[in-house]
Amino acid sequence: MKKEYLKIDKVVGPLIQVSEVDDVFYGESVDILDISSGKIKKGKVIKIEAENVVIQVFQNTTGLAAGNSIIKFTGESFKLPMSLDLQGRIFNGIGEPIDNGSAIFSAIEANINGRPINPMSREYPRNYIQTGISSIDTLATLIRGQKLPIFSGNGLPHNELAAQIVRQAQLGDNTGEEFGVVFAAIGVKHDDEKFFRKSFSEANIMDHVVMFVNYADDPIAERITTPRCALTAAEYLAFEKNMHILVVMTDMTSYCEALREISSAREEVPSRKGYPGYMYSDLASLYERAGMLKNSSGSITFLPILTMPNDDITHPIPDLTGYITEGQIVLGRDLFQQSIYPPVSILPSLSRLMKDGIGEGFTREDHAEVTNQLFASYSKVQEVRDLSQIIGEEELSPTDKKYMAFGRAFEATFLNQGFDESRSIIESLDLGWRLLAILPLTELDRLSPENIEKYFSKES
Amino acid sequence: MAEQNINRETGIIYAINGPVIKGKKMSSFKMREMVTVGAKQLIGEVIVLEGDIGTIQVYEETEGLKAGEVIISTGQPLSLKLGPGLLKNMFDGIQRPLQKIQELSPIFIPEGIGLLSIDEKKRWDTTITVKPGDILSAGSIFGLVQETEVIENRLLVPPNVSGTIVEIVENGCYTIDDVLVKIRDEKDAIHELKMAQVWPVRTPRPNAWRGETLVPLVTGQRVIDIFFPIAKGGTAAIPGGFGTGKTMTQHQLAKWSDADIIVYIGCGERGNEMTEVIEDFPKLIDPQSGKSIMERTVLIANTSNMPVAAREASIYTGVTIAEYYRDMGYAVALMADSTSRWAEALREISGRLEEMPAEEGYPAYLPSRIAEFYERAGSVETLGGGEGSITIIGAVSPAGGDFSEPVTENTKRFVNVFLALDKSLAYARHYPAINWLESYSGYIKILTDWYEDNVAEDCIDLRNKMLELLFQENKLLEMVMLVGEDVLPDDQRWILEIAKIIKVGYLQQNAYNKEDTYVPLKKQYAMLKAIEYLYEKGREGLKLGIPTSQLKNADIFSEFIKMKYTVPNDDLSGIDRLKEEIDSFYETLFERYTN
């Protein structure tokens with residue numbers, strides 16, 4: 001029988017301190033009964049110092065006072081019941097249903113913190129996912145089991161892009177494999193959550209979606225658990241039930257800000273911009289839960305979205321994320337302002353896993369070369385544009401003028417595509433060849449003679 | 001087990017804060033002692049002692065620990081078991097084999113699995129190379145075990161032991177814990193020598209004498225071997241923002257370096273990258289031995305989601321293993337990817353200890369820790385009289401790609417080769433994205449003789465000349481950005497053309513191309529020499545008043561760009577043919593202009 005405690009010593013933001021406690025363990029789940037309202041709030045032990053215990057409360061601490069609460073240590077770590085019934089349901093950030101449905105009952109309960117996957121148990125991801133978006137499929141190919149974030153800015157159409165990927169990604173093509181989506185909204189506006197819910201139901205996949213939602217006006221401590229609950233559900237569906245799970249998570253920036261707020265309430269030594277020194281490890285404990293395993297046929301593909309504060313890619317949040325994830329898709333404001341959708345800024349975008357998942361046997365043998373050539377040529381376009389800013393386009397050399405033409409055509413036809421338009425990878429590659437034909441053959445130094453023979457002449 | 005626990009000191013857990021816990025009644029514990037914590041017997045290390053209160057960093061997840069649980073001393077500092085079985089294996093940050101952990105728990109790494117190490121049951125075919133009556137000094141060899149197909153494990157007398165042999169076993173199969181040789185020291189004490197020896201990770205293994213190496217670590221990567229060479233026994237850092245190819249470069253070095261032993265530490269990096277290494281390395285053939293490169297490789301993995309305290313230890317685990325093989329007389333190369341994660345682990349632990357932070361929250365002792373680590377590199381005369389070396393190549397992940405942050409800055413002070421990775425090169429898919437303007441090698445001078453004797457008399461001169469061209473190009477490009485290329489005089493435009501060949505045809509190296517992923521020094525030199533040849537031919541033409549547009553022959557230029565693919569590594573006749581083509585083209589061209 002666990003003891004219950006009636007006295008709270010201190011409340012600071014989402015943290016409460018209780019003294020003269022014995023027999024609790026680090027990470028233990030706590031129920032706090034607010035006597036005045038009769039509501040139970042959930043919390044977790046985050047620090048033990050002799051008989052003093054610090055508890056992080058996941059809901060609002062408003063109203064908690066020294067004498068009006070009963071604190072009960074549950075003797076368990078924070079666990080969620082796992083079942084296939086999770087699909088089609090909507091939960092809050094601590095895994096309680098908020099869709100008026102019944103609670104999930106299951107004998108299987110999983111600790112939301114998970115445990116690190118043994119690198120020996122991982123299967124190296126090699127199969128690509130066709131998203132139907134030329135810029136992603138050709139230049140930053142998404143691989144099943146990859147963690148590939150979208151680096152965006154406020155007001156950019158990252159939600160539309162994520163929704164389009166979910167809709168068009170041929171996860172469960174014709175192999176009869178089951179796929180599902182786990183969606184975590186962390187500190188998002190009600191509008192954003194509605195947008196996603198609407199696009200899932202328009203795509204007729206709502207039955208395969210598990211949603212965990214923490215709104216912008218929900219307590220920030222719950223933002224810490226939201227992604228963990230979502231990933232725990234994803235791990236269960238992927239590794240126990242062998243499903244292909246796409247995890248979409250927005251907005252990681254809200255998550256990191258919650259982390260900073262709690263760190264500051266704990267009076268920890270801050271590192272860059274006030275974010276805690278352990279933010280790298282903390283983010284890694286989320287991102288690294290994606291992947292594939294040798295002894296399971298399922299997979300977790302992870303598509304977190306984050307808005308870069310001030311569009312600054314060197315800000316600690318995108319910076320640390322980029323060091324952990326396997327590439328990034330960066331959205332650019334300049335392209336957005338030119339009404340190009342999706343405004344994928346390709347030069348800083350990268351998929352680290354694509355090298356092993358493209359080419360002969362996967363997409364087409366010329367894929368790697370076309371990718372390299374498009375990157376190299378488009379990077380040259382930037383130089384030529386800089387030059388034309390100074391000396392004027394008229395003064396450019398004939399070759400440079402062709403680069404200008406290539407740049408414009410590339411943005412208008414290759415990057416730009418409709419919200420409902422899905423292009424096959426072959427269509428995208430052929431389009432790439434057609435665009436490269438604008439440039440003189442001597443400028444195309446990344447293409448091999450065999451592929452030029454086979455594809456270049458055909459298209460131009 | 002019960003017997004083992006007798007005389008063990010015990011303390012009581014008092015405070016828990018993430019990976020840092022405090023214990024009471026610990027006055028008889030020793031600093032840096034390894035302990036087991038709580039009912040699950042998590043592994044930890046004492047890092048602060050104050051009165052009877054001790055602070056412990058725990059190498060495993062601490063969730064589930066309670067105040068009041070016991071802390072048990074082991075009497076030992078955090079140590080490794082060094083012996084045959086390290087190679088071809090992958091360990092976590094405190095030398096627990098991940099294969100064995102997988103057998104205990106198929107997917108995830110649980111806590112409380114205790115201390116595991118190299119295989120104690122495996123029997124190795126052992127040859128004893130000494131006889132009773134021989135005098136063995138510390139570090140000398142008493143037996144041999146073929147550890148892998150290419151590496152012979154030389155069984156060493158531990159550094160602190162010596163004496164006269166009183167007893168040996170027959171040649172045969174033994175486990176790492178069997179007593180093979182007994183020696184009597186000066187004080188008549190008997191020491192038992194086994195295959196395995198135990199060594200504390202934080203103490204550098206002693207050597208007889210620190211030497212200087214005059215031999216490069218040949219990596220098969222053109223930009224490194226020719227432009228910024230690393231000496232065997234030297235130190236190098238590879239800093240770069242995310243996506244610039246640090247890990248890729250480290251993997252290339254681990255695959256192709258001509259070291260005898262590779263120790264690869266994946267420190268706080270991605271799980272999939274370690275999986276890739278496990279899948280790829282066994283398939284790759286070492287150009288030196290003709291066998292799989294895994295035969296000479298030890299892997300240490302503390303991925304970014306594994307416990308942070310073990311990340312701090314993983315660097316020391318790796319370098320101690322490197323020293324063990326160095327002491328056998330091998331040239332060892334150690335890759336640490338990434339040292340920034342190690343520094344961040346130091347910062348996290350320091351923060352939890354509430355130490356006063358210095359720059360950006362890093363502890364004030366960061367520079368001295370970095371120095372201690374890189375100083376464990378070097379080429380030495382071993383205690384046994386052989387020669388061995390450790391080359392350390394550390395990747396650095398500067399926050400925001402800014403090289404002025406504390407880890408990069410302090411690393412720069414203690415390494416001799418700096419291979420700066422550049423974001424804009426990576427954006428243009430110029431790989432390896434090593435920026436030739438910012439990088440440097442402090443070993444050019446001491447390696448000049450070696451290059452002159454083993455590659456070509458003018459190798460270093462050629463390197464300097466071509467590097468100078470690239471510097472000139474950089475200045476010219478600034479001008480081009482202002483006025484356009486057309487305005488430049490012809491001799492400067494020719495420099496731009498040649499620099500482009502150097503960049504695209506030479507510095508860029510394709511890790512995914514069979515021919516180009518590893519290039520022998522002879523071809524590296526021949527390629528650069530051919531570019532110089534073209535450059536000089538063009539200059540002759542310029543003197544005749546021939547414009548650059550005429551001097552640039554599209555066919556020849558495109559052959560130069562592609563010679564890395566078209567000229568096989570073992571048959572350089574293609575380069576001679578290229579020179580002939582140059583000769584015949586320019587001969588006709590010059591004739592047209594002179595007449």
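Protein chains get the first letters and strands the later ones, always in sequence-line order, with residue 1 at the start of each.
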**Report entry** Worked verdict on B/E61 versus A/N113 for side-chain hydrogen bond (donor to acceptor under 3.5 Å, both in side chains)
**Finding:** CA-CA 10 Å; B/E61 173 61 50; A/N113 286 327; 5.8 Å; no
Report summary line: If you tally heavy-atom pairs under 4.5 Å between each of A/G27, A/S448, A/A50, A/P116 and chain B, the highest tally belongs to A/P116
Query raised in the report: chain B: which of A/Q389, A/E395, A/E49, A/E288 shares the most heavy-atom pairs with it under 4.5 Å?
Result: A/E288
**Report entry** Leading residue by heavy atom contact count with chain B [cutoff under 4.5 Å; candidates A/V21, A/I313, A/N372, A/N295]
**Finding:** A/N295
Query raised in the report: What are the two closest non-hydrogen atoms of B/V504 and A/D445, and how far apart are they?
Result: CG1-OD2, 3.9 Å
**Report entry** chain B interface, residue from A/T325, A/T371, A/D400, A/N52 that has the most non-hydrogen pairs under 4.5 Å
**Finding:** A/T325
Report task. Answer yes or no on whether B/R341 is positioned over the face of A/Y323, meaning its NZ or CZ is under 6.0 Å from the six-membered ring centre and within 45° of the axis. Result -> yes
Query raised in the report: Does NZ or CZ of B/R347 lie under 6.0 Å from the centre of the six-membered ring of A/Y280, at an angle within 45° of the ring axis?
Result: no
Query raised in the report: Which heavy atom of A/R352 sits nearest a heavy atom of B/F242, and at what distance?
Result: NH2-C, 3.8 Å
Report task. Could you tell me whether A/R115 and B/E60 have a side-chain N and a carboxylate O separated by less than 4.0 Å? Result -> no
Query - Non-hydrogen atoms of B/N272 and A/G145 that approach each other most closely - result: ND2-O, 4.2 Å
Query - Carboxylate-amine/guanidinium contact B/E279 A/R126, below 4.0 Å - result: yes
Query raised in the report: Given a strict heavy-atom distance threshold of 4.5 Å, which part of B/M481 is in contact with chain A: side chain, backbone, both, or neither?
Result: both
